[in-house]
Amino acid sequence: MRQKNIKTTDVLIAGGGPAGLCAALAAASLGAKVVLIDENEVLGGQLVKQTHKFFGSEKQYAGTRGIHIKDILISEVEASSSIEVINDATVMGYYTEDGIVTYIKNDDFYKIKPGKVIFATGASERMLPFPKNDLPGIYGAGGVQTLMNVYGIAPGNNVLMIGAGNIGLIVSYQLIQAGVNVQAIVEAMPKIGGYLVHASKIRRAGVPIYTSHTIKEAYGQDAVEGAVIWEVDEKWQPIPGTEKDIKADNICLAVGLTPATELLWQAGCEMKYVPELSGHVPVRNMYLQTTLEDIYVAGDAAGVEEASSAMVEGRLAGYSAAKNLGLGKDRADALIQDALDELSSLREGEVGAKIRKGLEKIIV
Ligand SMILES: Cc1cc2nc3c(=O)[nH]c(=O)nc-3n(C[C@H](O)[C@H](O)[C@H](O)COP(=O)(O)OP(=O)(O)OC[C@H]3O[C@@H](n4cnc5c(N)ncnc54)[C@H](O)[C@@H]3O)c2cc1C
């Protein structure tokens with residue numbers, strides 16, 4: 001690996017999903033020079049495969065499909081002369097001694113010295129331990145979505161979906177739309193975790209949803225041929241004698257996401273385990289500034305939530321980072337307040353209760 005000259009920028013953003021794109025636009029709108037780095041060829045993060053229409057308010061593009069929200073945000077980023085996009089590149093680390101960020105592109109090693117860094121690295125899919133979970137044909141739901149919606153490939157003919165949260169329900173519906181037979185959805189909780197509107201669509205399509213059930217084991221010779229599921233009691237203990245055999249050539253795991261926080265750990269930010277936010281997340285203030293004053297976090301890396309809140313968090317982090325560099329003095333406070341108000345309204349009511357509880361534990 002060669003080492004290139006060190007360049008500087010006001011704000012560096014790691015991750016070009018909804019949070020990173022909005023952070024870049026926000027910081028640039030206040031006059032910051034921004035470098036946005038993403039490991040993929042195309043920006044957009046999870047949005048690249050989300051063909052369904054979004055909820056939320058007009059400000060978060062409600063009624064627009066995720067893939068179109070991605071196009072809107074990318075065209076705004078491309079139109080900004082203050083934002084440099086570096087794609088196909090992976091951010092490797094942040095070094096507190098000198099405030100340098102390193103990344104790799106095409107086997108070359110680069111250093112950048114930013115004024116502020118925003119980590120918007122998203123989340124990774126969780127795996128589930130069960131016998132034969134390494135058979136070909138067992139995928140994460142995000143992987144299935146990528147195969148279908150990005151590459152146009154059906155993952156199989158008969159799918160068993162594990163998990164009835166929003167992701168499990170949405171991906172099941174997309175599988176049905178693609179002509180794939182969804183044999184059943186299995187959910188360990190006593191009730192469906194996702195929105196009723198998604199569950200109703202699935203039920204209308206005749207797919208059984210087994211709540212208080214889990215997967216016992218997968219079976220198959222060279223690839224998955226089916227699975228045995230069984231009921232669990234209120235303590236999630238399996239109940240012998242309740243086994244059911246489900247034939248499937250694809251098992252899709254939609255059992256949750258974990259914040260992708262490796263870079264925040266490496267940088268030395270104070271981290272805390274908050275189950276309501278789906279794992280270890282950085283301690284921060286209400287402006288998303290971590291315990292290291294030059295590092296901000298936004299989106300799923302700050303706690304797994306939704307693209308709508310990821311976009312607003314991105315804006316909040318972008319405005320806050322720019323403001324702390326002394327930029328946009330006349331407008332920053334009002335924009336920050338707007339973003340805070342928007343986040344509060346997104347997290348209102350019963351739907352936002354879990355996230356509010358999690359945030360109470362992490363915001364200092
Ligand atoms: C199947 C599915 C359905 C969903 N449906 C909805 C919905 O209907 N409505 C809704 O609001 N939300 C939905 N969500 C959730 C939403 O997609 C996420 O909450 C949102 O994408 C989070 O945005 P983000 O920018 O934080 O992360 P991501 O979108 O994951 O983007 C993170 C980006 O950072 C990149 N990256 C990570 N590490 C590095 C690194 N070291 N260097 C460079 N780049 C890096 C990743 O490759 C990725 O491009 C869904 C999610 C899934 C998986």
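Predicted, not measured: the structure shown is a model, and the values here were computed from it. As the structure lists them, so they are numbered: ligands from 1, and atoms in each ligand from 1. Counting from 1, the numbers follow the sequence of the chain as shown.
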Within the 4.0 Å heavy-atom cut-off around ligand 1, the contacting residues, ordered by chain and number, are G15, G16, G17, P18, A19, I37, D38, E39, N40, G45, Q46, Q50, H52, F54, A89, T90, V91, A120, T121, G122, Q145, I167, I170, V171, L263, G299, D300, E305, E306, A307, S308, A310

A120 and A19: which non-hydrogen atoms are nearest, and at how many Å?
CB-CB, 4.0 Å

Using the side-chain hydrogen bond (donor to acceptor under 3.5 Å, both in side chains) criterion, which residues pair with E306? Sequence neighbours excluded.
Y195

State whether the side chain of T8 and the backbone N or O of K113 hold a donor-acceptor pair below 3.5 Å, judged by distance alone.
no

Contacts satisfying side-chain hydrogen bond (donor to acceptor under 3.5 Å, both in side chains) that involve residues 84-102 (not counting sequence neighbours) are K7-E84

Going by side-chain contact (heavy atoms from CB on, under 4.5 Å), name the residues that satisfy it together with K323, two or more places apart in sequence or in a different chain.
A332, D333, I336

Please report the closest heavy-atom contact between F119 and V117, naming both atoms and the distance.
CZ-CG1, 3.8 Å

